[in-house]
Amino acid sequence: MTPAILVFVLLLFIGVAVVMAMSGLAGGFALGGERMLGIIADRMFSGVSGFLLIAVPYFIFTAELMNQGGLTHKLIAFNNALFGRVRGSLSHVNISVSVFFAGLTGAAVTDTVAIGKIMIPEMKKQGYDAEYAAAVTACSSIIGPIIPPSVVMVVYATLLRDISVIDLFAGGIIPGLLMALALLGVSFFLAWKRGYPKQAPTPFKAAIVALLVALPAMVVPLIILGGILSGLTTITEASGFAAVYAIVIGVVFYRNLTWRKIWDALVTTVRFSGVVFFLLATSAVLGWFVTRSGIARDAASMITTFSDVAFVQLMLVCLLLLIIGTVMDVLPALVVIAPVLVPAMLQLGFDPLHFAILMIVVLNISNVTPPVGMTLMTAARIAEVPYERAIVASLPFYVSFIVVIVLLAAFPALSTWIPSLL
């Protein structure tokens, strides 16, 4: 086990995928010499050969098609009709649009770019602080990978095969909505305290028109979730149908999805999918070594040395995940830590679905945690504001996230109730 740990630490500065592959090689050699090395290629292939993973590029492609097709403008117009007359309306619209967008993209950075490029300049124009506009955009965008569909959840189900994607999708609904309510609570308070502007109320007829225009796009989550949760389709079939539907409404209904935009969406899909699949292939090697070496058992013993209280153990693990998330993005952190941490938590008796949802939520919150914080960094660039100022503006939202984490840890039913109904 020692050679694997040394290689892991030394290569951590090169790249996550290299770390996992080389650590698995070193660990395999330490366990059984050269005869173990022949297993590595087989483990890498098995890590990406699952039928479920076909859904990943389809979900990414659907999200890119909706972005290229100008869906963001339609969703913003509809949500603006809901919050227009409320103080700080653009801040609330920013959050509510992310909830709708979460059912389409399943990726936080995609949400940040698509919504931020429209909302942040408009918020600055109406008198909102630039750093606040960046903060609310980035913090609301992490709802995307929690409310299904979610690429992160598909990857999790591939790494840890004891939970189905259907359960993960269903389990993410309440935590995602809970995060949205927490953000809206902070947004309403800050809007009242700072006197952010209102907008003119939207006439009823204009609101109906905005709803009808956005409705075809809002059907996409119903296609995906309705088909999966009802049992009519598999996840792969639902993701493929959603991509076809996105092309049809973009070309026929909205009429702004050109062949050039479809090609750009395909290129982006291939690039992002390649990263995801390479991470999965190398993580399979590390996961195999963790299983053979007994690291999970040792990790479970280490957790129990700090406390025997289940809630305290969960809080300690959440703190560890937040720390890891400060230096790694969500997917790399997930594929590195999940094969070690999840088996350890299961040995301690925690519900696998409850811990899976909690882990996904915490890692996504770390997506806006410095120094990495890719979504917050992206939003700060769009707002043309120093990253440090955006971090300070995000602090009130961080507090709301901590409250959500505590609630999810204390009440497992928030994650398991909907899946239990299925």
Side-chain angles (χ1 to χ4, degrees), residues 62-106 110-111 113-123 125-128 133 136-137 140-141 143-144 147-149 173-174 176-177 179-181 183-185 187-188 191-192 196-227 229-230 238 241-258 261:
T62 301
E64 289 300 320
L65 288 172
M66 304 310 272
N67 289 337
Q68 297 285 351
L71 166 68
T72 312
H73 294 275
K74 280 75 176 179
L75 288 178
I76 288 175
F78 169 62
N79 283 269
N80 200 39
L82 297 178
F83 290 104
R85 67 185 69 194
V86 182
R87 183 169 298 281
S89 57
L90 285 186
S91 177
H92 317 324
V93 168
N94 202 322
I95 297 169
S96 59
V97 168
S98 292
V99 175
F100 285 96
F101 224 68
L104 304 173
T105 64
T110 302
D111 189 316
V113 174
I115 296 175
K117 285 185 177 179
I118 301 171
M119 292 297 300
I120 290 177
E122 187 62 27
M123 290 179 71
K125 187 187 304 182
Q126 293 198 20
Y128 293 81
V136 71
T137 301
S140 62
S141 69
I143 299 173
I147 294 180
I173 295 174
I174 292 179
L177 295 177
M179 291 183 68
L181 289 175
L183 290 172
L184 282 172
S187 177
F188 276 104
W192 168 76
Y196 286 141
K198 301 179 181 180
Q199 295 188 84
T202 304
F204 180 75
K205 184 177 180 181
I208 295 299
V209 171
L211 171 61
L212 294 176
V213 171
L215 195 58
M218 293 164 61
V219 172
V220 175
L222 297 179
I223 292 174
I224 298 173
L225 291 181
L229 299 182
S230 66
F241 186 77
V244 173
Y245 178 81
I247 293 176
V248 171
I249 64 171
V251 174
V252 177
F253 186 81
Y254 294 129
R255 298 185 179 181
N256 54 5
L257 188 61
T258 63
K261 291 180 178 179

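Predicted model, so just to flag it, every value in this text is computed and none were measured.
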Check: If every non-hydrogen atom of Gly176 is compared with every non-hydrogen atom of Ile143, which pair is closest and at what distance?
Finding: O-CG2, 3.9 Å
Check: Is there a donor-acceptor pair closer than 3.5 Å between any side-chain N or O of Arg87 and the backbone N or O of Tyr196?
Finding: yes
Under 3.5 Å, which donor-acceptor pairs link side chains of residues 249-257 to any protein atom two or more places apart or in another chain?
unit_1 : atom_1 : unit_2 : atom_2 : d
Tyr254 : OH     : Val213 : O      : 2.6
Arg255 : NE     : Val252 : O      : 3.4
Asn256 : ND2    : Gly69  : O      : 2.8

Margin query: Looking at Thr62 and Ala243, would you say the former's side chain and the latter's main chain have a donor-acceptor pair under 3.5 Å?
Written below: yes
Item checked: N/O donor-acceptor pair under 3.5 Å between Tyr245 side chain and Pro216 backbone -> yes
Note to self: Set out, in order, the CA-CA distance, both residues' side-chain angles and the distance that settles side-chain contact (heavy atoms from CB on, under 4.5 Å) for Ile147 and Met179, then state yes or no.
What the structure shows: CA-CA 10 Å; Ile147 294 180; Met179 291 183 68; over 6 Å; no
Next item on the list: Report yes if some heavy atom in the side chain of Ile120 is under 4.5 Å from a heavy atom in the side chain of Met123; otherwise report no.
Entry: no
Check: Once you round to the nearest 0.5 Å, how far does CZ of Phe188 lie from CG of Leu183?
Finding: 12.0 Å
Item checked: Distance (rounded to the nearest 0.5 Å) between Leu184 CG and Leu177 CG -> 10.5 Å
Margin query: Restricting to side chain to side chain contact (heavy atoms under 4.5 Å, CB included), what partner residues turn up for Leu212, sequence neighbours left out?
Written below: Ile208
Notebook entry, point to check: Any idea which heavy atoms bring Ser140 and Ser98 closest together, and the distance?
Noted result: OG-OG, 3.1 Å
Margin query: Quiz question: by atom type and distance under 3.5 Å, do the side chains of Ser91 and Ser187 form a donor-acceptor pair?
Written below: yes
Next item on the list: Kindly write out the residues that satisfy side chain to side chain contact (heavy atoms under 4.5 Å, CB included) with Gln126, not counting sequence neighbours, or none if the list is empty.
Entry: Leu90, Glu122, Tyr128, Pro197, Gln199
